[in-house]
Structure formats: structure tokens, C-alpha cells
Amino acid sequence: MKKPKVKLQKYSCLFLCLFLLFSLRPATVLAEEAKKNIRVGWYEDSYNITGENGQRSGYGYEFQQSVAAYTGWTYDYVNAGWSDLLKMMENREIDLMSGVSYTEERAEKMLFSELPMGEERYYLYADLRNTDISASDLNSLNGKRVGLLEGSIHATQFFEWEEKHDLILLLIKTVRI
């Protein structure tokens with residue numbers, strides 16, 4: 001009587017092993033399909049650095065490598081200026097670009113990750129010899145001259161901040177990026 005019970009256990013074990021083997025197979029196929037070349041925009045700045053021998057480094061590069069480790073992607077880098085790369089991103093000439101600030105207008109043209117790559121903070125710097133500016137009194141900024149990059153997200157955010165705090169600052173010079 002013990003033989004049928006032993007046979008049943010052997011067949012059950014064999015069936016379980018085969019079931020597990022075939023249930024894991026689709027995950028392998030999906031991982032293989034996920035491997036593809038991604039065109040990544042690369043621009044030189046403090047987060048994207050290219051060394052003398054062409055090796056890449058920096059926060060943006062490390063972030064992209066973390067994404068690649070998770071997705072199995074390989075990257076083909078496209079070198080250009082930030083503004084040109086942003087246009088290429090909008091025109092779907094590249095697939096991925098780091099360091100793009102979220103705006104509703106941009107979100108209509110491209111996808112943004114659910115989690116941000118980082119957090120941005122902006123500061124106003126003043127000459128210490130200028131004693132009529134006080135960090136504790138924003139009104140002391142009224143009438144002061146400020147330099148911004150024309151068309152940048154920073155300029156847009158600055159103007160919103162200026163309006164929110166009811167300040168009037170003078171824009172002295174803008175530089176096209």
C-alpha cells in the first residue's frame with residue numbers, strides 16, 4: 001500500500017518542478033524583449049561630465065546607469081547643447097534626457113518619471129558689501145538688479161516668486177541659452 005503513495009509523491013514533485021520551470025520562462029522572455037538601445041541626450045554641465053579619455057561621470061550619468069541596471073537598456077549617447085537636446089526630445093529624435101525640469105507645458109510633449117531625479121533649490125546671492133539688502137526682509141530687494149538666463153525655467157520660477165512676494169526687481173541682463 002505504500003507504493004502508490006510514494007508514486008503519487010514522486011509524480012506530484014515532478015509536476016510541481018515542471019510547473020515552476022514553465023512559469024518562470026515568460027519572465028526570461030520579457031527581460032530579453034526589454035533589452036534595447038536607448039538614445040540618450042548628453043550635454044556637458046556639472047551633472048554630466050566627460051573626462052579626458054571620453055569616460056562619462058556625474059550625477060546625471062549615475063542616475064541613468066541606475067535606470068539601465070533596472071531596465072536592461074543600453075545607451076547610445078547623442079552629444080549636443082541642452083536647448084538642442086530638448087528640441088530633439090520634443091521631436092522624438094532622442095528617447096531619454098536627464099535634468100529636465102517638470103512643467104505642465106513640457107508634460108504635454110514628453111513623459112516624466114513618477115519620481116523626480118532630484119530636487120532643485122535656487123538662491124539669490126548678494127554682495128556682502130551691499131548692506132541695504134536683508135535676508136529677513138524681502139522688501140529690501142525692491143528695486144535691486146537681478147541677472148537671469150532668458151527663457152530658462154529658473155527665470156519663470158523667479159518671476160512667479162517675485163509676484164508671490166509682491167516684489168519689484170529690475171531685470172538687468174538676460175543671456176540666451
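Excluded from the calculations below are hydrogen atoms, water molecules and symmetry mates; all remaining heavy atoms, backbone and side chain alike, are included. Heads up: numbering here begins at 1 and tracks the sequence.
In this structure, G60 and S98 approach most closely via the heavy-atom pair CA-OG, 4.1 Å.
Put simply, CG on L128 and CD1 on I133 are 10.0 Å apart, with the number rounded to the nearest 0.5 Å. With values rounded to the nearest 0.5 angstrom, Y59 atom OH is found 11.0 Å from Q64 atom CD. Between atom OH of residue Y61 and atom OG of residue S66 there is a gap of 10.5 Å, rounded to the nearest 0.5 Å. Taking CG of D132 as the start and CG of D137 as the end, the distance is 10.5 Å to the nearest 0.5 Å. The OG atom of S113 lies 9.0 Å from the CG atom of L96; values are rounded to the nearest 0.5 Å.
Within the 4.5 Å cutoff, the side chain of T74 has no heavy atoms near those of the I38 side chain. Taking 4.5 Å as the limit, some side-chain heavy atom of L86 sits within range of a side-chain heavy atom of R106. The side-chain heavy atoms of Y43 and D84, taken from C-beta on, include no pair separated by under 4.5 Å. Here the side chains of T50 and E44 are in contact, with some heavy-atom distance below 4.5 Å. Using a 4.5 Å heavy-atom threshold, the side chains of V100 and M89 count as separate. The side-chain heavy atoms of V146 and F158, taken from C-beta on, include a pair separated by under 4.5 Å. Side-chain contact check for E162 versus L141: every heavy-atom pair is 4.5 Å or farther apart.
W161 pairs with exactly one of Q157, E163, H165 by the side-chain contact (heavy atoms from CB on, under 4.5 Å) rule, that one being H165. Between M97 and the options V40, V78, L85, a side-chain contact (heavy atoms from CB on, under 4.5 Å) holds for only L85.
Hydrophobic cluster membership differs between L148 and I168, with clusters built from Ile, Leu, Val, Met, Phe, Trp and Tyr side chains linked at under 4.5 angstrom. If you chain together hydrophobic residues whose side chains sit under 4.5 Å apart, M117 and I49 never meet in one group.
A 6.0 Å sphere centred on CD of E105 holds no more than 12 heavy atoms belonging to other residues, nucleotides or ligands. Residue-environment remark: CG (N91) exceeds the threshold of 12 foreign heavy atoms within 6.0 Å.
Between Y77 and Y75, the two ring planes are perpendicular [angle over 60°; tilted spans 30° to 60°].
Between the side chain of D127 and the backbone N or O of R129, at least one donor-acceptor pair lies under 3.5 Å. Proximity of a side-chain donor or acceptor of S134 to a complementary backbone N or O of S140 within less than 3.5 Å is not detected.
Here R39 pairs with D95 in a salt bridge; the nearest charged N to carboxylate O distance falls below 4.0 Å.
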